Protein chains: 2
Amino acid sequence: MGDAAMVPDRARRVTVYDVAARAGVSIATVSFAFRRPDEVRAATREAVLTAARELGYAPSGSARGLVSRRTGSLGLHSFDMLIERPQDEEAPEGAAVDADLDLSADTLPWAALGDDVHSDPLAYPLYVDEIQRGFELEARRRGHNVLLSSGGRSTADVADTAGRVDGLAVFPSIVARESLAHITQTIPVVLFSSPIASADGYHRVLVDNVQGMQDLVAHLVQDHQITDLAFVGGPAAADYAERFAGMQSAMRRFGLTPASEPLDSSLLGDTRPLARVRELAIAGALPRALICASDQLALFTFEILRSVGSRVPEDVVVTGFDGVLASRLSVPRLTTVRQPMEAMGRVAAQLLANAAGAPPQMPRTLRLGTQLRIGQSCGCP
Amino acid sequence: MGDAAMVPDRARRVTVYDVAARAGVSIATVSFAFRRPDEVRAATREAVLTAARELGYAPSGSARGLVSRRTGSLGLHSFDMLIERPQDEEAPEGAAVDADLDLSADTLPWAALGDDVHSDPLAYPLYVDEIQRGFELEARRRGHNVLLSSGGRSTADVADTAGRVDGLAVFPSIVARESLAHITQTIPVVLFSSPIASADGYHRVLVDNVQGMQDLVAHLVQDHQITDLAFVGGPAAADYAERFAGMQSAMRRFGLTPASEPLDSSLLGDTRPLARVRELAIAGALPRALICASDQLALFTFEILRSVGSRVPEDVVVTGFDGVLASRLSVPRLTTVRQPMEAMGRVAAQLLANAAGAPPQMPRTLRLGTQLRIGQSCGCP
DNA sequence: TTGTATGCGTTATCAA
DNA sequence: TTGATAACGCATACAA
C-alpha cells in the first residue's frame, strides 16, 4: 500500500544510529557523548545530547548489559507460595485479585477495585516486606537496581532470573536449594534463613535463633517461673527447627526436660493448622506456655484459644518469633523475639554487591543478633 | 606466564557455547532445547539440559532482551526524595542507615544493626509501599518482573531506567515531567497522582480527589454541622491542589464560602512544617476543622496540637487523606479518605503490560474512586 | 531434527 | 577529536 518509509516507525526503539544520523555524527561519538563527555568537543556533545533528547533516546539496557557483562541489578526472588496473601483463600468479595481490572472506562468506582484486602492491619506487613525494604535501600545505596522476581520451583524459572541480575537473594523455600544449586557458579546467591548445609555455594544470612530462644526461655523461666513449655510449629519449615532446638537446649540449661517433639507441628499453610492446639485447649490440657515458631503462628494461636474460651496470658502464655508489626498491635501485645529484618535485607544486598562481578568466593554465613521484645502475652503487666 | 587456557575461567559466565560444547551439539540446539523443547529429540534435550545444569548455565537476560527487543520487566521509579524515610533526619542512634554494615565478622550483634528504625509503627507503611505492592502483584500476574529504580531528577538517570524496562511507572515529583518528557515516545509511561496536563504522552493513574473531598466535607457539614473548615497543606505538591479545590467546591455547594488560600501551606519536607497551625493553636484561633491534604500531615497535626494542649476532636476536628495504615492506628482514629492504593499499582501495571511493545497509544488518564473512612477525629463516637 | 549464519544495540579498540 | 568495526550471547530464518 502506501509508502510507510516516510513515517517514523515508533514501534522500533530509538537507537544510537538514529541519534547519530540526526546529529550528523557516528555512533561511536554518540556513545562517547554519554559515557565520556569530556573526550568530545563541547559543540558535538551538545548536538548529540539535543538529538537524543528530541528523539527520546534511552540506551538499551540489554545491549549495555551484553557488552559490559553486568546488568546493574540485584535480584530478590520469591517462590510463588510466599507471594500469595493469606486472604486470597477466602473468596474475595469485590474484584478478585487474580482477574483483570476492567480498564475500558476512564473512571473506576471504588466498588470495582476490591480494596478490602488490607482491611486487616494485622495481616500487613509480613516478614518478607521488611527484608525487602532493607534490600532495596542497600542496593540503591550501591548503585544497583532491584529486580523483584518470582516463579515456580523449576530450575528454568530460577535460571531465568539469575540471567538478569548480578547477584540474587532468595527467600527460603524447601525446594529452593536444589533448583539453585548450580547457579552459584555464575552469580553470587544469598539464601535468607536457610539452615546451614555442609558446603554448598550459597551465602547465607540468618539470625541467631538459638540465642533468641535462649533469651525468651530465660525470661519465661526466670521472671515468670514457668517450667511447662511446649513448642508450636513444624520443624519442616526453614529455621523453625533451629528455634525448636534452641528452646530445647535453653530448657536443659535451666534443668528442665524438653519434649522431643513439638506439641503441634502445624505450618500455616496446612489445611487445618493448629488442630492439636485446639484439641488440647478444649480438653484443658495445654501446658502453661506455648512457644510458637513465628509471630503469625502465635497470632493464629490467639484466635484458636479465643475461640475455645481460653485467655492469654491468664490460662495460657503464648510467645512468638520475628517481631513483625502485627505482633505489636495485637491484644495482648505479643512477647516475641525481634529479628532485625531490615538489616537482613541490607546485609544480603551488601554481600551481593561486593561479590558481583568477581569470581566465586568462599561462601559466607552471617548470623545476626536478635532482641527479646516483651509484651503482655507472657504475663508481664 | 602459565597457560591460563586450561583453567576454566569462571569469571566469565557460562554461555550457550559452553553448554553446546559439553553436550556435543550446536548452539542453536541448546537454544531450542530451552525455548521449543518439543522440537528437539528427547535424548538430545536431556543431554543439553544436563550439561546446562552441570555448568550452572543461566541464559543471559541481556542477550535475550537484545534480540527479543523486550526486557520482560516493568519499572517502578522513585525520585530520591521519596525514598528517604522521615526518621533519617533525626540522627539515628545505632548504625547509620547510610553507612556500610561491618561484615568482617560472621556474627553481627543486635546493637550493630540499627534496627530502631521501625520502632514507630505509625511511620510504616507509607503511601508508596502500598502502591508498589499492587504493582508487583499485577506485573507478576502478567509475567513481568519488577525493576525498582531510583535516581536523581536528571534526564540521564531516568533514561537509564527507561532503557531497562518495557514500561515505566513513576511516582509523582515536581521535576518528573520534564525529565521524562521524551521517553514516552519509546516506552509507555504511567504517572501516579500527577495533575493533568494539556496533552503530553503520559498515561495517568490518579484518584478522584474532588469526589473524595466532596464526601468528606459533606460528612462534616451535614453530620457534624461544621461550617468553619480550613485546609492544611501546600498546593505545590502533586495532587494536593486538587484536594484543596475539591474542598472549595464542596463548601460552595453547601452555601459556605471557602478561603481562597490554605490555612497553612506546609509540606512535610519543610524545615519547620505547620508553623502557622501551631501559632493559631496557641492563640486559640483555629477554625473548627482542619482538612489536611494527607494522612501524614494530619498525624503530624495531631502532634502539634497535642504539644500545645489542644484536643482532637473536642477543640479541633482534624481529617486526613490517603487512608494509610497509620491512620487506622492513631488515637483518635483518623477520619480520612481512603485511596485504593493497591488498585492504583495494579492499574498502572496493567496499563503498561498492555501497552508494552506496541507503538505509542493515545495516553489514558484513569481516575479511581475513593471511600470515606470515618474515625473519631471528626467527632464521631 | 540439527547446524550455519545473521542481527539485535552497545561499548571499546584501533585508525584516521 | 571522531569514525569504522569487532565483540558481547542469544534467537531464529534458512540450509542441510
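Below, chain A is the first sequence line, B the second, and so on; all start at residue 1. Because the structure is a prediction, the values reported are computed rather than measured.
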Let's see if you can work this out: which of C:dG3, C:dT1, C:dT11 has an atom nearest to the side-chain heavy atoms of B:A28? C:dG3
So does B:D106 pair up with A:R204, basic N to acidic O under 4.0 Å? no
Could you tell me the separation between the CZ atom of B:R164 and the P atom of C:dG9, rounded to a whole number of Å? 17 Å
Looking only at the side chain of A:V25 (C-beta and beyond, no hydrogens), which of the listed nucleotides C:dG3, D:dG3, C:dT2 gets closest? D:dG3
Ranking B:T29 and B:S62 by the position along DNA chain D of their nearest nucleotide, the one closer to 5' is B:S62
Quick one: do B:R141 and A:D100 satisfy salt bridge (charged side-chain N to carboxylate O under 4.0 Å, His left out)? Show the steps, please. CA-CA 9 Å; B:R141 276 194 58 228; A:D100 285 8; 2.9 Å; yes
From C:dG9, C:dT11, D:dA11, nucleotide with atom closest to B:S31 side chain: D:dA11
Respond yes when some side-chain nitrogen or oxygen of A:R69 is under 4.0 Å from OP1 or OP2 of D:dG9, and no when none is. yes
Mind calculating the distance between CZ (B:R35) and P (D:dA13) to the nearest angstrom? 15 Å
Under 4.0 angstrom, heavy atoms only, what part of the nucleic acid is A:V40 near: base, sugar-phosphate, or nothing? sugar-phosphate
Classify the nucleic acid contact of B:Y57 as base, sugar-phosphate or nothing, counting any heavy atom under 4.0 Å across all strands shown. sugar-phosphate
Using a cut-off of strictly less than 4.0 Å, decide whether A:S26 has a side-chain nitrogen or oxygen near OP1 or OP2 of D:dG3. yes
Which nucleotide, D:dT2, C:dA12, C:dG9, lies nearest any side-chain atom of A:T44? D:dT2
Let me know the distance between CG of B:D18 and P of D:dC8, rounded to the nearest Å. 12 Å
Per B:L66 side chain, nearest of listed nucleotides D:dG9, C:dA12, C:dT2: D:dG9
Between atom CD in B:E39 and atom P in C:dG3, what is the gap in whole Å? 15 Å
Pairing of A:R140 and A:E136 as salt bridge, 4.0 angstrom limit: yes
Nearest-angstrom distance from the residue atom OH of A:Y17 to P of D:dA4: 11 Å
Taking the side chain of A:R41 as its heavy atoms from C-beta onward, which of C:dT10, D:dT12, D:dT1 lies nearest to it? D:dT1
Among the candidates D:dC10, C:dG3, D:dT5, find the nucleotide nearest to the side-chain atoms of B:T15. D:dC10
Interatomic distance, B:R13 CZ vs D:dG9 C1' [rounded to whole Å]: 11 Å
Using a strict threshold of under 4.0 Å (side-chain N to carboxylate O), is an ion pair present between A:R133 and A:D129? no
In whole Å, what is the span from the CD1 atom of B:I27 to the P atom of D:dA13? 15 Å
Between A:R13 and B:I187, does the side chain to side chain contact (heavy atoms under 4.5 Å, CB included) criterion hold? Intermediate values first, please. CA-CA 8 Å; A:R13 280 169 74 142; B:I187 54 169; 3.2 Å; yes
Calculate the interatomic distance between A:F34 atom CZ and C:dG9 atom P; express it in whole Å. 16 Å
Pair A:E138 + A:R142, salt bridge at N-O below 4.0 Å: yes
If you pin A:V16 and A:F32 to their nearest nucleotides in DNA chain C, which one's is more 5'? A:V16
